[in-house]
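For reference, the structure is listed below as structure tokens.
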Amino acid sequence: ATTRVSFQDVAVFFTKEEWTLLDPHQKALHGEVMLENSRNVASLSKGLDLS
């Protein structure tokens with residue numbers, strides 16, 4: 001069986017308050033992880049019939 005995965009399933013979200021507590025390195029790492037997650041989710045949909 002195939003399980004659909006959305007970006008929302010793998011995304012990591014912070015509240016405004018939590019975001020302000022992160023240092024610049026942590027914010028940059030978060031951006032890198034989110035980009036990688038986005039690319040991974042997009043690659044899962046390649047070749048699938050999404051209709």
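In this text, all values refer to a predicted model and were calculated from it rather than measured experimentally.
- Within the structure, no pair that satisfies the side chain to side chain donor-acceptor pair (under 3.5 Å) test touches residues 23-40, not counting sequence neighbours.
- Note on Leu29 and Val12: separate hydrophobic clusters, where clusters join Ile, Leu, Val, Met, Phe, Trp and Tyr whose side-chain heavy atoms are under 4.5 Å apart, directly or indirectly.
- From Phe7, atom CZ reaches atom CE of Met34 across 3.5 Å, with rounding to the nearest 0.5 Å.
- Applying the side chain to side chain donor-acceptor pair (under 3.5 Å) test to Thr20 and every residue at least two apart in sequence or in another chain returns nothing.
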